[in-house]
Structure formats: structure tokens, C-alpha cells
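Note: hydrogens, waters and symmetry copies are ignored here, and every other heavy atom, side chains too, is used. Since we're looking at a predicted model, the values are computed, not measured.
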There are 2 protein chains.
Amino acid sequence: MDAATEARVPQKLTDKGRATRARILEHAAELIYAKGVHATNNEVLRRAAGVSGSQLNHYFPTKESLVLAVIEWQAERVLTFHRSERFTQFDSLDSLREWAGFYIAYERSYQEGCTLGSLASEIIKTDLDVRTELANAFEQWRDIFRDGLERMQRLGRISTEADPTQLAYLLLSAFQGGMLLAQVARDIAPLKDALRAAIDHVQTFAMPAAVGVLDPFRH
Amino acid sequence: MDAATEARVPQKLTDKGRATRARILEHAAELIYAKGVHATNNEVLRRAAGVSGSQLNHYFPTKESLVLAVIEWQAERVLTFHRSERFTQFDSLDSLREWAGFYIAYERSYQEGCTLGSLASEIIKTDLDVRTELANAFEQWRDIFRDGLERMQRLGRISTEADPTQLAYLLLSAFQGGMLLAQVARDIAPLKDALRAAIDHVQTFAMPAAVGVLDPFRH
DNA sequence: ATGGTTGTGGGCTGTCAAGCCCAATTTGGG
DNA sequence: CCCAAATTGGGCTTGACAGCCCACAACCAT
């Protein structure tokens, strides 16, 4: 898989070629996020990226290779974002609330949904062979939360009785499901409530010492 | 919208016609659930339902009208299922666990996802005008949970401090998100953990009197 | 400078699905 | 029994998109 999409990039392309490929990829990601995979056809992408038809065939021989590259690009983006300093590796309840606050304030949450989840849902039933790549990305995403929760346990911020895997899946599921409901309703409320409740649940495992600090945020 | 899909059914069709239309609809719903909207084309549906091409045009003039009818059909199904005796209007924590148990045991959860959520995700970004119908269905679904939670409050089973709307969105989001993650991973674990944690959160609002009865099920 | 390699441009074709039409058959009321 | 409306069958056309090809231009190493 990587051989068809990644391995070629660093070796055979010059700076200009790589820039062109990156431009196509970014426009493809944006178009797919805004309009969906199906609506992102050859001509639309060509006009958006300012390239000609054969370039798409050159850098992305098939649509499947393009979609796969977009998945990798979006996965890279969302994982990098979650690993950024801003969330301090999710080592506190505050960082979780900061995270939720970002997506609740983000306009496109209830317009286009999750950059990875929407894409996954749209194509998971098609014959495009991208499931493994998506599964990998979601596993890493879960691990970010799980690692954070385990760190909270080691720091004595939440009880060791909490199940980090289970809570990580709750956070990620509430996020994905809330995004879908918000998108369908064109209203951020479902996402806001789901994330709020999910993080409140993590907070029920907060240790007595930490509760004193964090309690003002409860309701 | 109803005028194009529903209003015609009870008036102008005979028994045989209605049976044919129902057969097309059921096969369309099954095919769309299993293979997706895009893969469910004219010919495949014609062969599956054992009807000829012009019948599709007769009962469902456009693909949009077919998809809309399938959405209504699936919404009806899932809402009826949730309103069935089995879950006693979700008036207890046990009924929530019974509900989660059903989908965790259901083979197709991690193969095809949610009958309504998968469909919604697949087509929400296309030009098909089905968003309102979907939003309506999800609102009713949320209301089933919310009404149940409010009933639990009136029965003194959970605290009046709980926010039924928020908890309803948590349950529905955890379900939808968990379904997506399970489908992508081809593993029921994400759904199981997300639902488990979501219901555990509802349980944190259980009233002292009720806790004595329900505590054996905690962990 | 020059030839070969790499990148670029636009046009072309095969495929596939949606929507439509006309002819044949069946049904149901009078 | 007959007529009109409803239902059925299969084929056909149009439109859209993915993948491909050939001619041209730019770059770079020798």
C-alpha cells in the first residue's frame, strides 16, 4: 500500500513535483471534507489544484490511491493536532475540556463532521480497500486518549479503578457519534452534550485530592 | 416530500401493487445496508426484488425517492424496536443494559454498522435532499432515551440533577460512534466499551435506594 | 550547449448507471 | 362479457466519470 502512495514521493520526485503532489493532496482533502468523495471528481480537483488531468494519473494512478493518500494525510493531521502541546498529552481533565471546547467552537463540526470519521463512513462500504488504514488511524487516536488516562492514573488524578481503554473508546465514540448527530441536525448541541457527558464520566473517577481543584467546573 | 413517496401508496395502489412496492423497498433497504447506497443500482435491485426496470421508475421515480423511502422504513423499524416491550420504555438501568447487550451480540453491528447511521453518513454530503428526514428520525430516537431517563427520575431511580437531554445524546452518540469504530476495526470491542461506559455514567446518577438493587451489575 | 529525463497539458474513449418510453398483460368495475 | 385503468416487461438513450495516451515544455547533468 505504502509502495503505491508514499514510497514514490521522497525518491523519484523533485521539489517541484513534490509541491505539485502536495497541492493536489491538500485540495483533494479539502474537497473531500467539504463535498464528499463522490463529488470530488477528476475535473473539480483539477480546477481546484490548478493542474491538468494527466497529473492526477501521474501522482495518483487511481482514485483509490488518492483517497488512501487523503486518509493518511488527514490521519496525520488529526493525530498531530491531538499530540500538540495544547492538550499536554491529555494528562488532566482540563485538557479534555479544552479539547471538547475546540470542536464545539469549530464551525465546521456541524457542517462537515469529523475529517476522518466522515470520510470513513462514506467509503467503508465501497470496494475501495482502505479499511486497514482507517483502523490503524483510529487505533492511534484511541491510544492518545488511553495513554493520557493512564498518565492521569499514575499522577493520582483519577482512580486506578477506571478502565482507560473503555474510557478512551467512550471519548472517541462520543466524539464521532456527536459529530454525526450534529452534522445531521445542523446543530452543535448533540456534540456538545455528548462530549460534556463523556468527560463528566471521566471526572467521576477523579481522586478526592483532585476533585477539590476541578469541582468548580462540574455543572 | 411525503407526497412523492407516501401519499401515493395508500390511495392509488392495489394490494398487489403495494406488495410489489414493499418488496422493492425491503430488498433496497437490505442491499443498501449491506453494500451501501452507491452499490445498490438499478439492475442489482431489480434482480434481488424480482421486478423489472420500469417498476422502479414507477414506484420510485428517482433514486432520491427510493433512498428517502428506505430512510423512512429504517427509521420506522429502529424506532419501533426501541419502543418495543422488551425495553419497557427505558425506565430502568437494566433496560439500558439489555439494549446494549442486544447490539453487542448482533453480528452485523461490526460488519454493517447502524442501519440508520451508516446510511446517514454515506449520503449526508451528497446532493440528495434527505437531511431533514434523518434529523427527524434521530430526534425521535433521542426522545425515546430522554423520555426514559425522565421517567427514571420521576420513579426516583436516578437523581433529578441528571440532565436527561445530555445523557440521551451521550447514549445515542456512544452508540453511533461505537458502531462506526466497530465497523472500521471489524471488532465489537469499541462499541461494547463505549456503551458500557455510557451506561455506567447514567448509573452514577442512580439514587441510593435504587443502587442497592442495581449495584450487583456494576463491574 | 545538448540530449535525455522528468514534468505538464489537454483531449479521448470505454464503462456504467439513471431515467425514460412503448408495447403487452392483468385487474376490476359496470 | 367488455372496457378502461393499472400494472408489468424489457430495451434504449443520455450523461458523467475514471483511466489513458500523445505531444510539448522544462530541467539538469555531462
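To the nearest angstrom, P of C:dT13 lies 17 Å from CG of A:Asn57. As rounded to whole Å, 13 Å separates atom C1' of D:dG19 from atom CG of A:Leu66. Remark: C1' of C:dG9 and CD1 of A:Ile24 are 13 Å apart, rounded to the nearest angstrom. As a whole-Å value, the separation of B:Leu56 CG from C:dA17 P is 14 Å. C:dA18 atom P lies 13 Å from atom CG of B:Asp127, rounded to whole Å. Rounding to whole angstrom units, OH of residue B:Tyr59 and C1' of D:dT8 are separated by 8 Å. Between the NE2 atom of A:His58 and the P atom of D:dG19 there is a distance of 16 Å, given to the nearest Å.
Within 6.0 Å of NZ in B:Lys192 there are 12 or fewer heavy atoms belonging to other residues, nucleotides or ligands. Counted within 6.0 Å of CZ on B:Arg77, heavy atoms from surrounding residues, nucleotides or ligands total 12 or fewer; the atom is thus considered open. Atom CD of A:Glu30 is surrounded by more than 12 heavy atoms from other residues, nucleotides or ligands within 6.0 Å.
When ring centroids are compared, B:Tyr169 and B:Phe145 stay outside the 6.0 Å threshold. For A:Phe87 and A:Phe102, the gap between ring centers reaches or exceeds 6.0 Å.
Note on ring orientation: taking the six-membered ring where Trp is involved, the planes of A:Phe138 and A:Trp141 are parallel (angle under 30°, cut-offs 30° and 60°). Ring geometry for B:Phe90 against B:Trp99 counts as perpendicular: the plane angle is over 60°, on a 0 to 90° scale with 30° as the lower cut.
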Contact state string [nucleotides 11-18 of chain D, B base, S sugar-phosphate only, - no protein heavy atom under 4.0 Å]
------SB
Considering only nitrogen or oxygen atoms on both sides, find all protein atoms under 3.5 Å from nucleotides 24-27 of chain C and state each distance.
none

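Phosphate contact (OP1/OP2 of C:dG7, side-chain N/O of A:Thr20, threshold under 4.0 Å): absent. In this model, the phosphate group of D:dT7 is not approached by any side-chain N or O of B:Gln55 to a distance below 4.0 Å at OP1 or OP2.
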With salt bridge (Lys or Arg N to Asp or Glu O under 4.0 Å) as the test, would you mind laying out the steps for A:Arg146 and A:Asp163 before giving the verdict?
CA-CA 9 Å; A:Arg146 185 167 56 183; A:Asp163 180 340; over 6 Å; no
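Judged by distance alone, the side chains of A:Arg97 and A:Gln203 do bring a donor and an acceptor atom under 3.5 Å apart.
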